Protein chains: 2
Amino acid sequence: MDVHEITPCCSPVLTEPLTEADAEELAAAFKVVADPVRLRLLSLIAQAGEICSCDLVAPIGKSQPTISHHMSVLADSGLVHREKRGKWAWYSVVPERLSVLRDALGGVPVARS
Amino acid sequence: MDVHEITPCCSPVLTEPLTEADAEELAAAFKVVADPVRLRLLSLIAQAGEICSCDLVAPIGKSQPTISHHMSVLADSGLVHREKRGKWAWYSVVPERLSVLRDALGGVPVARS
DNA sequence: TCGTCACATCGACGAATATCAATATTGACT
DNA sequence: AGTCAATATTGATATTCGTCGATGTGACGA
């Protein structure tokens, strides 16, 4: 339950036909990063390497429940890793998970004719 | 109006701090690909190289207005190019636009252990 | 000019979701 | 046990968005 399997998940969008199920799964993955607050959270976590939830509320400027909600979305998707230490929750990014999204957008560098 | 500028748009999420405005713009870009129908449309177009709108409705299994709506979203975002020939609309993907999204997800390749 | 075909737009509806106040839960410390 | 601090959950609300039927628009051919 802590870390999802880091499977390739889906075939690249541009090279292979996309089944309806694969499209659904990929779209769900992209939805996670299709939110400005979650992108800024990802950015903050990535630069800190590891950061406490308590240091995320103020920079973003949203309420604590809102930040908690977004962190759950990020953690459930496997994009970040959550580790509870005492009362605090520490987060770090899972770069392999980001690669899955990147690779889906056409693994190969732009083919030039 | 036909093709958006292919600027880098935003700084990579993981390496540089993300301003609120950049996050908003990036999130909007990801929202476009965060839909299963649009992903399948992209896949169909990419494999055909160039395809008529009339050949998109049946494979997706949605109504014609729905396909038209999604194609407008894709075209407005610059991910696809629309060219009208007579009564038909022909679409092709703009790979550079996909690269922008890919690069935003952390320029550097994942270190593999 | 009239009819038809391809596509776009409009209006409406339902589902998903971002947000916050209030409350619950959990851990640490005395 | 009791209290406080950090985080999670709940309930409610407003907004966004995907969808489709109906209609509009523009192009081609008889």
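These figures come from a predicted structure and were not determined experimentally. The chains referred to below are lettered A, B, ... by the order of the sequence lines, with proteins before strands, and numbering in each begins at 1.
Straight-line distance from the NZ atom of Lys31(A) to the P atom of dA15(C): 15 Å, rounded to whole Å. Leu56(A) places its CG atom 11 Å from the P atom of dA8(D), with the value rounded to the nearest Å. In this structure, Arg85(B) atom CZ and dG26(D) atom C1' are separated by 18 Å, rounded to whole Å. When rounded to the nearest whole Å, the span between CG of Asp35(B) and P of dT17(C) equals 12 Å. One atom, CG of Leu41(A), and another, C1' of dT19(C), lie 14 Å apart when rounded to the nearest Å. Atom CD of Glu24(A) is separated from atom C1' of dA15(C) by 13 Å (rounded to the nearest Å).
Using a 4.5 Å cut-off between side-chain heavy atoms of Ile, Leu, Val, Met, Phe, Trp and Tyr, with links allowed through other members, Leu44(A) and Trp90(A) fall into different hydrophobic clusters.
Sorted by first and then second residue, the pairs that involve residues 39-49 of chain A and meet side-chain hydrogen bond (donor to acceptor under 3.5 Å, both in side chains), not counting sequence neighbours, are Ser43(A)-Gln47(A).
Taking side-chain N and O atoms only, Arg38(B) has a distance below 4.0 Å to OP1 or OP2 of dG18(D). Residue Thr66(A) has a polar side-chain atom (N or O) positioned under 4.0 Å from OP1 or OP2 of dC20(C). In terms of phosphate contacts, His70(A) brings a side-chain nitrogen or oxygen within less than 4.0 Å of OP1 or OP2 of dT19(C).
Among the nucleotides dC20(C), dC17(D), dC20(D), the one closest to the side chain of Ser63(A) is dC20(C).
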What does the list of N/O pairs under 3.5 Å between the protein and nucleotides 4-8 of chain C look like, with a distance for each?
residue: dA6(C); atom: O3'; partner: Lys87(B); partner atom: O; Å: 3.4
residue: dC7(C); atom: OP1; partner: Cys54(B); partner atom: N; Å: 3.4
residue: dC7(C); atom: OP1; partner: Ala89(B); partner atom: N; Å: 3.3
residue: dC7(C); atom: OP2; partner: Cys54(B); partner atom: N; Å: 3.2
residue: dA8(C); atom: OP1; partner: Arg82(B); partner atom: NE; Å: 3.3
residue: dA8(C); atom: OP1; partner: Arg82(B); partner atom: NH2; Å: 3.2
residue: dA8(C); atom: OP1; partner: Tyr91(B); partner atom: OH; Å: 3.3
residue: dA8(C); atom: OP2; partner: Ser68(B); partner atom: OG; Å: 2.7
residue: dA8(C); atom: N7; partner: Gln64(B); partner atom: NE2; Å: 2.9
residue: dA8(C); atom: N6; partner: Gln64(B); partner atom: OE1; Å: 3.3

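There is no side-chain donor-acceptor pair under 3.5 Å between Arg82(B) and Ser92(B).
Side-chain atoms of Arg38(A) come within 3.5 Å of backbone atoms of Lys31(A) as a donor-acceptor pair (strictly under, hydrogens ignored).
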